Amino acid sequence: MEGEIEPVDCASASKPPRLEIPKVPDDSEKPIAIKRLKDVEICVPIVYGTMAFHLGRKASESQSHRWTVYVRGATNEDIGVVIKRVVFQLHPSFNNPTRVVESPPFELQECGWGEFEIAISLFFHSDVCDKPLDLYHHLKLYPEAESGPKSTKKPVVMESYNEIVFPEPAEGFFARVLNHPAVVVPRLPAGFVLPTPVPIDSVHEKGRGDTKNHPLSHWFMNFSEADELLKIASARQQVQAHIIKLRRELNMMNGLPPPPNPASGHDYA
Amino acid sequence: MDAKDILGIPKTQLPTTQEKKSRPQKEPQRKPDGISREVYALTGGLAPLMPSIDVSQLKKRPPSDEKITWQWLPFTNSARKDNLQLYHWVRVVNGVPPTGDYSFAKYNKSVDVVKYTDEEYEKYLTDPMWTKEETDQLFELCERFDLRFIVIADRFPSSRTVEELKDRYYGVSRAILIARAPSPTDVSGHPLVKDPYNVSQEVERKRALSMVLSQTKHQERKDAEVLAEAKRITDSRMASRAAEEPEMPVASHVGSESADRAVVLGDTVSPSSNIQLPSATVVPSTSIIADSASTLASLRMLRVYLRTYALEQMVQAASSSAGLRTIKRVEQALQELGVNLKPKVPTKAVCAEHLELRKEILTLLNLQKQ
């Protein structure tokens, strides 16, 4: 697979994913042993952040902005397939600072005047993972540049891209999300038998769970990995060129023949 | 004293030296009675803390009301089958010789080797690999040599391995046991029935043992390295699973690694570790690779994690051998190259490339130092 974060060890890179059945001790309280897929990772790209609108004329001392904090799929697909609920922990000065959102789109709107750190806890469905994952985001209300009168039309947007990784997903989970657009799932070798997926009881009170037609969607930031990849690739080339040059100089000083190209000694797969 | 006069050393000496002189004279002035001086000196000249021997008992005389003689008398040994009569000295008390069997007869133990009849053989014990003759010979030797299979194997007319002989013996015994038992449940607790002899496992086990025995020092060192590595990986796993539910007993799995497992592991790991040792920078690169491997392992133990977290861990592992200043210089280099210190779009590919870039910058900095 491309871009594996792995040490130079060709042996494990080509291992096919295999089932791992944990040994259940005789006197265990767990009745079922969960079958997991080893060397397989399920990845859910997400974007989370805040969007703040200045209230303009309607602003008061204590309520100058209306802001929304949210977690969405990076491609605006419905992440409710993986995430069961999200808990936003706000500043204690808010009423009921622990806000629970039970269904997608996972967002929360509030009014206020201050910037603070919001703790976002993602809770997953029971067949996915029984431990929550925590994210942190700083609520930004004021733009970088002091651009004169604050516009009520243009929000201050602060988003972060990240990917939720499940390193050894349960078979049932894999089977359930196999073809869902919000989830990145590797291809299993042919003939791999998965159990029939059990649909989860999902609550979609707000209609659809995806954010493709979200009212604020045109303010969403674009995250393209291509630019970053290009930047890093060119940086790597520069560094590699430096290395070759230095090695040659060093070997000339030591009276040795020029060294082989470092690319041949490493595996950049 | 005269010498001191000559040398001009003052006559008055320090009190400590005088103490030392007087102390040796306080050696055991009294030695206890009852044992001779030389014997007492064996204990180092000091009395034992707890007198182990009651000194007054040492010169005890036997009770004088008994008349003891020693006589040269015949005796029989119940362990012998041939009624051989031998003679030995016997302590006779008041004219009455001691009664009872020869005192060593009780040590003549033998094994209960199963005896089967011909019909039992026909019914339960036939085997394509063994003739009745061979089986009978085997059992006779087993009885004769008390199941010392090494000897039996040596004496066996046709060449069979120890494992084969054991397999046949235990197989026959087991079959007879089950056949003769009134009901299967009666014998299900018997060790022969519960854990039958496993030929392949035995062969494998002995082969592994002999491999361990014939290991060279080099191989031994390699094995120690691999085991230390495995221990480190499990330790980091245990650390990251400290608060988790005990679903997979990984630790016990690793803990039960026997010698032969370690040998097999050593065989498979050593070729790949040879690939990982390129040239001059041997030590740092192996430790970095080891750190990365253990970081990857501990990441896999988490049920869920963020890509950015994984990248942070891997970056930490890769720069574990670098000082703070070097890390700052790496970050400086990244900035000069126009690359974000933390990727804005941390996808799997981007994170991998970023990590590789950091490693390359480290290599470059190391080279520049030279």
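Letters A, B, ... are given to chains in the order of the sequence lines, protein chains preceding strands, and every chain is numbered from 1. This is a predicted model, so every value here is computed, not measured.
Of the atoms belonging to A:Leu135, it is side-chain heavy atoms, and not backbone ones, that fall under 4.5 Å from chain B. When heavy atoms are compared at a cutoff of 4.5 Å, A:Asn222 does not approach chain B at all. Proximity to chain B (any heavy atom under 4.5 Å) is shown, for A:Glu225, by both the backbone and the side chain. Within the 4.5 angstrom heavy-atom criterion, no atom of A:Ser234 approaches chain B. When heavy atoms are compared at a cutoff of 4.5 Å, A:Ile164 approaches chain B by way of both its backbone and its side chain. Neither the backbone nor the side chain of B:Glu336 has a heavy atom closer than 4.5 Å to any heavy atom of chain A. Within the 4.5 angstrom heavy-atom criterion, no atom of B:Leu334 approaches chain A.
Note: A:Pro167 leads A:Pro167, A:Pro132, A:Ala74 in heavy-atom pairs under 4.5 Å with chain B. Of all the listed residues (A:Ser160, A:Ser224, A:Cys43, A:Pro45), the one sharing the greatest number of non-hydrogen pairs under 4.5 Å with chain B is A:Ser224. Ranked by heavy-atom pairs shorter than 4.5 Å toward chain A, the options B:Thr363, B:Ile361, B:Thr308, B:Thr295 are led by B:Thr308. Per-residue counts of heavy-atom pairs under 4.5 Å with chain B were compared for A:Leu133, A:Val184, A:Asp227, A:Ile42; the largest is that of A:Leu133.
No more than 12 heavy atoms of other residues, nucleotides or ligands shown are found within 6.0 angstrom of NZ on A:Lys231. The neighbour count for B:Lys206 NZ, taken as heavy atoms of other residues, nucleotides or ligands under 6.0 Å away, is above 12. Counted within 6.0 Å of NZ on A:Lys212, heavy atoms from surrounding residues, nucleotides or ligands total more than 12; the atom is thus considered enclosed. Other residues, nucleotides and ligands contribute over 12 non-hydrogen atoms within 6.0 Å of the NE2 atom of A:His180.
Here the straight-line distance linking atom CD of A:Glu163 with atom OH of B:Tyr305 works out to 10.5 Å at 0.5 Å rounding. In this structure, A:Phe166 CZ and B:Arg303 CZ are separated by 11.0 Å, a value rounded to the nearest 0.5 Å. Rounding to the nearest 0.5 Å gives a distance of 5.5 Å between CG of A:Leu229 and OG1 of B:Thr347. Here the CG-CG distance, from B:Leu306 to A:Asn162, works out to 4.5 Å after rounding to the nearest 0.5 Å. With values rounded to the nearest 0.5 angstrom, B:Lys344 atom NZ is found 8.0 Å from A:Met221 atom CE. Within the model, atoms CD of A:Gln240 and CD of B:Glu360 stand 4.0 Å from one another, a figure rounded to the nearest 0.5 Å.
Taking the charged nitrogens against the carboxylate oxygens, B:Arg300 and A:Glu168 have no contact shorter than 4.0 Å, which rules out a salt bridge.
Proximity of a side-chain donor or acceptor of A:Glu228 to a complementary backbone N or O of B:Val345 within less than 3.5 Å is detected.
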Requested in this report: Please assess A:Val239 against B:Leu337 for the test side chain to side chain contact (heavy atoms under 4.5 Å, CB included), listing each intermediate value before the final yes or no.
Outcome: CA-CA 9 Å; A:Val239 173; B:Leu337 290 161; 3.8 Å; yes

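Using a 4.5 Å heavy-atom threshold, the side chains of A:Leu250 and B:Leu367 count as touching.
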